[in-house]
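If you read the sequence from its start, that first residue is 1, and numbering goes on from there. Hydrogens, waters and symmetry mates are skipped; everything else that's a heavy atom, side chains included, is used.
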Amino acid sequence: MDGSVRHRTIFLSDVHLGTSGCQAGMLLDFLKHNRADTIYLIGDIVDAWRLRRGWFWPQAHDDVVQDLLARAHDGVRICYVPGNHDEVLRNYLGTHFGGIEVVETAPHVTADGRRLLITHGDQFDSIVVNAKWLAHLGDRAYEFALWLNTWLNRARRLWGGQYWSLSNWAKQQVKQAVSFISEYEAVLADEARRKGFDGVICGHIHAACIRKIDELDYINTGDWVESCTAVVESADGSLHLIDWAAEMRRRETPQGRLARRSQNRQKQKEVA
């Protein structure tokens, strides 16, 4: 992991390993360039809903699991907070898998002293809680959108285009989706306040965000299907949203390639 950036904490959610929409290659590239003392996996890391309908597990998905297990073996603290798609792990709360601890929720104290509630967030989604059949139906429709998005991006690459998310774009156009996201954010902030936390870090809705809601910190890590985002904590306790798809696009610009060549030459000089 030479040349990687060191963070105090990395927060990841909604990877959806086991689905064709999972951008495992981008996540592996992110992990190659980023490391931390603590990693929170905030739900829907493995998509058991999809795997029950048919097995899909390419090598890149296995590489993600092996990378995380290797970090746990090397002493990185990794906490896994299950979501609705990997809810089967809620039967194993308090246990460890290869050094990765499974917990229902987790408190995190930032370097600057803020107490943040770590939860996936599906418990506060009325559809998941009250109409699970509808959630599964929506999951099928979402899977089709991701399939269509895969083929669109293959066509875009033929003409030199960059990764683009159809489903993410559609959500931004639909007022009801925007309303649902706002309501979800408010409910999570209220839960953090009720439990005496200074804020909440969650996932579930695939809408990456860092903002204040009535003086509370609301942080959503996004996902690795549509937006390919993560949240990291610096040594001073500040939290930052990283858009890795945008970072990879930047690295492919002429300026980005020039910067990489300059960095490589510098490394060669240091080795010499």
Side-chain angles (χ1 to χ4, degrees), residues 4-5 7 9-36 39-51 56-71 76 78-87 89 100 118-122 139 142-143 145-150 152-154 162-172 181 201-210 219-233 239-251:
S4 60
V5 178
H7 310 284
T9 317
I10 292 175
F11 305 88
L12 300 167
S13 77
D14 298 273
V15 177
H16 290 277
L17 294 169
T19 70
S20 59
C22 170
Q23 301 296 321
M26 283 197 194
L27 179 54
L28 286 167
D29 190 70
F30 170 82
L31 292 171
K32 176 183 175 183
H33 290 89
N34 295 271
R35 57 195 178 102
I39 298 176
Y40 288 97
L41 305 174
I42 314 177
D44 289 1
I45 304 303
V46 176
D47 196 322
W49 287 11
R50 176 62 182 83
L51 290 173
F56 180 83
W57 197 265
Q59 184 61 48
H61 295 207
D62 200 54
D63 290 343
V64 170
V65 173
Q66 294 304 318
D67 185 287
L68 293 169
L69 288 172
R71 291 172 191 242
V76 174
I78 302 182
C79 290
Y80 194 137
V81 178
N84 51 308
H85 283 256
D86 47 18
E87 62 189 349
L89 289 176
I100 298 176
I118 310 295
T119 180
H120 180 64
D122 61 292
D139 185 57
Y142 180 61
E143 185 180 331
L146 292 177
W147 174 84
L148 181 60
N149 189 67
T150 298
L152 284 173
N153 275 292
R154 287 180 181 176
Q162 300 294 330
Y163 177 77
W164 177 76
S165 173
L166 168 66
S167 53
N168 195 39
W169 173 83
K171 280 197 298 188
Q172 300 304 318
I181 290 172
I201 302 182
C202 59
H204 184 56
I205 59 172
H206 297 203
C209 178
I210 295 180
I219 301 103
N220 192 302
T221 63
D223 65 279
W224 289 87
V225 177
E226 302 171 55
S227 56
C228 298
T229 54
V231 170
V232 297
E233 179 192 1
L239 297 170
H240 309 276
L241 183 64
I242 297 180
D243 182 336
W244 202 249
E247 170 62 20
M248 292 186 72
R249 287 194 295 270
R250 184 194 65 77
R251 282 159 43 192

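Remark: His61 NE2 to Gln66 CD distance equals 14.0 Å, nearest 0.5 Å. Leu27 CG to Lys32 NZ: the interatomic distance, rounded to the nearest 0.5 Å, is 14.0 Å. Here CG of Leu41 is found 11.5 Å from CZ of Phe11. Values are rounded to the nearest 0.5 Å. In this structure, OH on Tyr40 lies 12.5 Å from CG on Leu12, to the nearest 0.5 angstrom. Once rounded to the nearest 0.5 Å, the distance linking OH of Tyr80 with CD1 of Ile45 reads 5.5 Å. Between atom CG of residue Asp243 and atom CZ of residue Arg249 there is a gap of 6.0 Å, rounded to the nearest 0.5 Å.
Between His120 and Val81, the closest heavy-atom pair is N-CG1, 4.0 Å. For the residue pair Gly203 and Thr221, the shortest heavy atom distance occurs at CA-OG1, 4.3 Å. Between Ile219 and Ile210 the shortest heavy-atom distance is CG2-CG1, 3.9 Å.
In this structure the side chain of Ile205 reaches within 4.5 angstrom of the side chain of Asn220, judged on heavy atoms. Contact check for Met26 versus Cys228: side-chain heavy atoms found under the 4.5 Å cut-off. Ile42 places a side-chain heavy atom less than 4.5 Å from the side chain of Ile118. The shortest side-chain heavy-atom distance between Trp57 and Leu51 falls under the 4.5 Å cut-off. Using a 4.5 Å cut-off on side-chain heavy atoms (C-beta onward), Asp14 and Val225 make no contact. Between Ile242 and Asn34, the closest side-chain pair of non-hydrogen atoms falls below 4.5 Å. Counting heavy atoms from C-beta on, the side chains of Ile39 and Val76 come closer than 4.5 Å. Contact annotation: the side chain of Gln59 approaches that of Asp63 to within less than 4.5 Å [non-hydrogen atoms, C-beta and beyond].
Relative orientation of the Trp244 and Phe30 rings is perpendicular, given thresholds of 30° and 60° on the angle between their planes.
With respect to Arg251 and Asp29, a salt bridge is recorded, a charged nitrogen being found less than 4.0 Å from a carboxylate O.
Side-chain atoms of Arg35 and Ser4 include a donor-acceptor pair closer than 3.5 Å. Looking at Asp44 and His204, their side chains never bring a donor and an acceptor atom within 3.5 Å of each other.
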Audit row: Glu87, Asp122, side-chain contact (heavy atoms from CB on, under 4.5 Å) steps and yes/no
CA-CA 10 Å; Glu87 62 189 349; Asp122 61 292; 5.6 Å; no
Step by step, work out the side-chain contact (heavy atoms from CB on, under 4.5 Å) result for Val15 and Asp223.
CA-CA 6 Å; Val15 177; Asp223 65 279; over 6 Å; no
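With hydrogens and angles ignored, the 3.5 Å screen pairs no side-chain donor or acceptor of Glu226 with any backbone N or O of Trp224. Between the side chain of Ser13 and the backbone N or O of Gly222 there is at least one donor-acceptor pair closer than 3.5 Å. Within the 3.5 Å criterion, the main-chain N or O of Gly83 finds a donor-acceptor partner in the side chain of Asp86.
For an aromatic pair to be called close, the ring centres must be under 6.0 Å apart, and His16 with His206 satisfies this.
Residues satisfying the side-chain hydrogen bond (donor to acceptor under 3.5 Å, both in side chains) test with Thr229, not counting sequence neighbours, are Ser227.
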